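Keep in mind the model is a prediction, meaning the values are calculated, not measured. The basis for the numbers below is simple: all heavy atoms, side chains too, and nothing from hydrogens, waters or symmetry mates. First the proteins, then the strands, lettered A, B, ... as listed; each starts at 1.
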Number of protein chains: 2
Amino acid sequence: MTISAIDTIMSHRSIRKFKNQKLSEEQIQTIVTAAQQASTSSHVMAYTIIGITDESIKEQLAEISGQPYVKDNGHLFVFCGDLHRVEQIGSNEERLAMQKSLESSEQFIVMTIDAALAAQNAAITAEGLGLGICFLGSLRNDVQKVNDLLRLPPRVIPLFGLAVGYPDQEPELKPRLPYEAVYHHNTYLQIEKQLPFIQQFDQELHDYYQIRTQNKRKDTWTEQMVRKFSNPIRMDVAPFLKMKNVNKQ
Amino acid sequence: MTISAIDTIMSHRSIRKFKNQKLSEEQIQTIVTAAQQASTSSHVMAYTIIGITDESIKEQLAEISGQPYVKDNGHLFVFCGDLHRVEQIGSNEERLAMQKSLESSEQFIVMTIDAALAAQNAAITAEGLGLGICFLGSLRNDVQKVNDLLRLPPRVIPLFGLAVGYPDQEPELKPRLPYEAVYHHNTYLQIEKQLPFIQQFDQELHDYYQIRTQNKRKDTWTEQMVRKFSNPIRMDVAPFLKMKNVNKQ
């Protein structure tokens with residue numbers, strides 16, 4: 001039976017425990033080819049996908065992330081923003097003329113969005129193949145070390161990983177913020193008008209944590225967010241980006 | 001007949017001419033709900049989607065973008081990165097403690113990726129419904145003006161638009177960089193080894209422009225990229241972000 005794109009998307013949950021079975025070369029090719037089909041700003045395709053099969057690199061990435069499923073999965077992809085490729089195809093003179101643009105925050109946005117659109121295609125394709133996925137922002141715990149491990153040249157930065165594999169768990173669908181808080185009409189909905197929906201969500205998430213089968217806890221979204229943002233993390237990302245000659249001006 | 005996620009993804013082309021027919025409320029709800037189901041970093045959901053139905057706002061956005069299909073479509077979504085919501089749910093004291101994190105480039109990456117993952121879900125869902133889509137980075141031609149039109153508070157930034165509608169054209173599938181240039185193994189593939197694939201792509205794209213039915217031209221990818229990046233655009237984005245209190249440190 002064929003499952004539609006919408007049904008695949010609507011049944012997404014992140015998988016953090018995979019069976020000990022590798023993806024086939026054909027599965028990997030399908031996933032990457034689908035990723036490449038995503039929209040891209042001005043046809044720049046400002047990203048590179050690195051597949052990690054070297055067990056030593058995988059182990060070191062798992063250590064950086066603190067997540068065992070970075071190592072234990074069917075395949076590991078690392079999505080990088082890439083403005084190196086377009087720079088290097090120019091002559092010396094042309095490269096000089098391209099500096100200002102390549103260093104801009106605008107092009108940093110382009111590379112980040114391009115990589116994310118491609119990655120979401122990869123994720124949905126993997127799920128369409130019956131596999132599970134988990135995005136790994138945790139690779140940014142030590143961007144410099146990931147950069148060195150993957151030997152990324154200037155203007156290539158590691159954005160996130162994507163672990164893919166055969167699911168060995170069946171987590172519940174995780175609730176999302178109410179539609180009315182996220183989807184606004186013509187102008188931004190003032191926060192006072194969002195608050196009732198957020199309070200409703202706090203209650204919903206509190207109940208979800210109480211009844212879910214694993215990892216029960218007492219918590220609301222508001223409590224989680226305040227706790228998370230009161231503890232600044234990855235403050236080395238900004239200087240790292242400047243060192244890589246992106247997001248500078 | 002049900003079309004699978006992979007088939008929907010693989011047949012993507014951007015649509016730049018739509019029939020004069022609006023999306024139904026149900027279609028909009030399906031698209032936004034699917035967008036919300038995307039993965040999100042630490043459950044932050046750091047984005048807001050604004051649906052534009054006000055014809056005067058649409059006209060002004062079309063003027064900023066220089067693209068008629070920003071106005072002439074079935075529905076227009078604007079995807080914004082949003083760290084305002086999580087800031088405002090805290091007490092005064094908590095907000096103070098959250099400043100440093102909210103200002104960081106790390107959280108700027110989070111909001112940009114969160115918004116893009118959601119948007120790609122929206123795009124695929126729309127295509128799964130038989131609609132066409134076009135991403136609109138062109139809204140960043142004047143971020144300040146878009147910001148003012150949509151009355152975005154601090155820490156909310158317009159990232160891109162998504163035009164959706166009933167296709168009134170059938171463009172060819174646009175070629176992508178060869179798989180081998182984009183997908184690397186364990187470490188970044190040195191540019192010298194990518195160049196043969198890029199040259200192959202230059203020829204492929206040159207041929208594509210010659211044989212496609214509309215907008216024939218003589219061009220290669222390399223020529224396009226050098227031309228594009230030699231002409232810095234949107235250099236006001238970086239100071240705009242700082243003014244909005246994101247991507248500052």
Please determine whether the number of non-hydrogen atoms from other residues, nucleotides or ligands lying under 6.0 Å from atom NZ of A:Lys100 exceeds 12. no
Looking only at heavy atoms and a cut-off of under 4.5 Å, which of A:Gln224, A:Arg85, A:Gln88 has the most pairs with chain B? A:Arg85
Heavy atoms, side chains only, cut-off 4.5 Å: are B:Glu180 and B:Gln194 in contact? no
Taking side chain as everything from C-beta outward and backbone as N, CA, C, O, which of these in A:Gln29 sits under 4.5 Å from a heavy atom of chain B? Side chain, backbone, both or neither. both
Tell me, side chain or backbone of A:Arg140 under 4.5 Å from chain B's heavy atoms, or both, or neither? side chain
Report, as yes or no, whether the 6.0 Å neighbourhood of atom NZ on B:Lys242 holds more than 12 heavy atoms from other residues, nucleotides or ligands. yes
Flag, side chain of B:Ser105 to backbone of B:Phe108, donor-acceptor distance under 3.5 Å: no
Please flag which part of B:Lys174 lies under 4.5 Å from any non-hydrogen atom of chain A: side chain, backbone, both or neither. both
Would you compute the distance between atom CG of A:Asp142 and atom CZ of A:Arg234 and round it to the nearest 0.5 angstrom? 10.5 Å
Proximity breakdown for B:Leu241 and chain A, heavy-atom pairs closer than 4.5 Å: side chain
Any side-chain heavy atom of A:Val156 sitting closer than 4.5 Å to one from B:Tyr188? yes
Interface moiety of A:Ile198 toward chain B, non-hydrogen atoms closer than 4.5 Å: side chain
Where on B:Leu173 is there a heavy atom nearer than 4.5 Å to chain A: the side chain, the backbone, both, or neither? side chain
Could you look at A:Asp82 and say if it's the side chain, the backbone, both or neither that has a heavy atom under 4.5 Å from chain B? side chain
Pick one of side chain, backbone, both or neither for A:Thr8, based on which atoms fall under 4.5 Å of a heavy atom in chain B. side chain
A:Gln249 versus chain B, the contacting section by heavy-atom distance below 4.5 Å: both
Is it the case that atom CD in B:Glu55 sees more than 12 heavy atoms from other parts of the structure closer than 6.0 Å? yes
Assert top hit (heavy-atom pairs under 4.5 Å, partner chain B, pool A:Ala35, A:Ser4, A:Gly90) equals A:Ser4
Going by heavy atoms in the side chains, are A:Phe135 and A:Ser14 under 4.5 Å from each other? no
When B:Val182, B:Thr2, B:Ile52 are compared by non-hydrogen pairs under 4.5 Å with chain A, the top option: B:Val182
Which one wins on heavy-atom pair count under 4.5 Å against chain A: B:Ile3, B:Thr112, B:Leu195? B:Ile3
Which portion of A:Leu76 sits near chain B, non-hydrogen atoms under 4.5 angstrom: neither
At a 4.5 Å cut-off on heavy atoms, which part of B:Pro178 comes close to chain A: side chain, backbone, both, or neither? backbone
For B:Gln36, is it the side chain, the backbone, both or neither that has a heavy atom under 4.5 Å from a heavy atom of chain A? both
Between B:Leu96, B:Ile57, B:Ile28, B:Ile109, who has the most heavy-atom pairs with chain A when the cutoff is under 4.5 Å? B:Ile109
With a sphere of 6.0 Å drawn around CZ of A:Arg151, does it hold more than 12 non-hydrogen atoms of other residues, nucleotides or ligands? no
Is A:Val143 in contact with chain B via its backbone, its side chain, both, or neither, using a 4.5 Å heavy-atom distance? neither
For residues 42-50 of chain B, give me every residue with a non-hydrogen atom less than 4.5 Å from any non-hydrogen atom of chain A. B:Ser42, B:His43, B:Val44, B:Met45, B:Tyr47, B:Thr48, B:Ile49, B:Ile50
Among B:Leu102, B:Thr187, B:Ile31, residue most engaged with chain A (heavy-atom pairs, under 4.5 Å): B:Thr187
Under 4.5 Å from any heavy atom of chain A, what part of B:Thr30 do you find: side chain, backbone, both or neither? side chain
Tell me, for A:Asp236 versus chain B, whether the close heavy atoms (under 4.5 Å) come from the side chain, the backbone, both or neither. neither
Validation row: A:Thr222, A:Met225 side chains within 4.5 angstrom (heavy atoms): no
Below 4.5 Å from any heavy atom of chain B, which atoms of A:Leu189 appear? Answer side chain, backbone, both or neither. neither
Counting only non-hydrogen atoms closer than 4.5 Å, can you tell me which residues of residues 122-133 of chain B sit against chain A? B:Ile124, B:Thr125, B:Leu129, B:Ile133
Tell me, side chain or backbone of A:Met10 under 4.5 Å from chain B's heavy atoms, or both, or neither? both
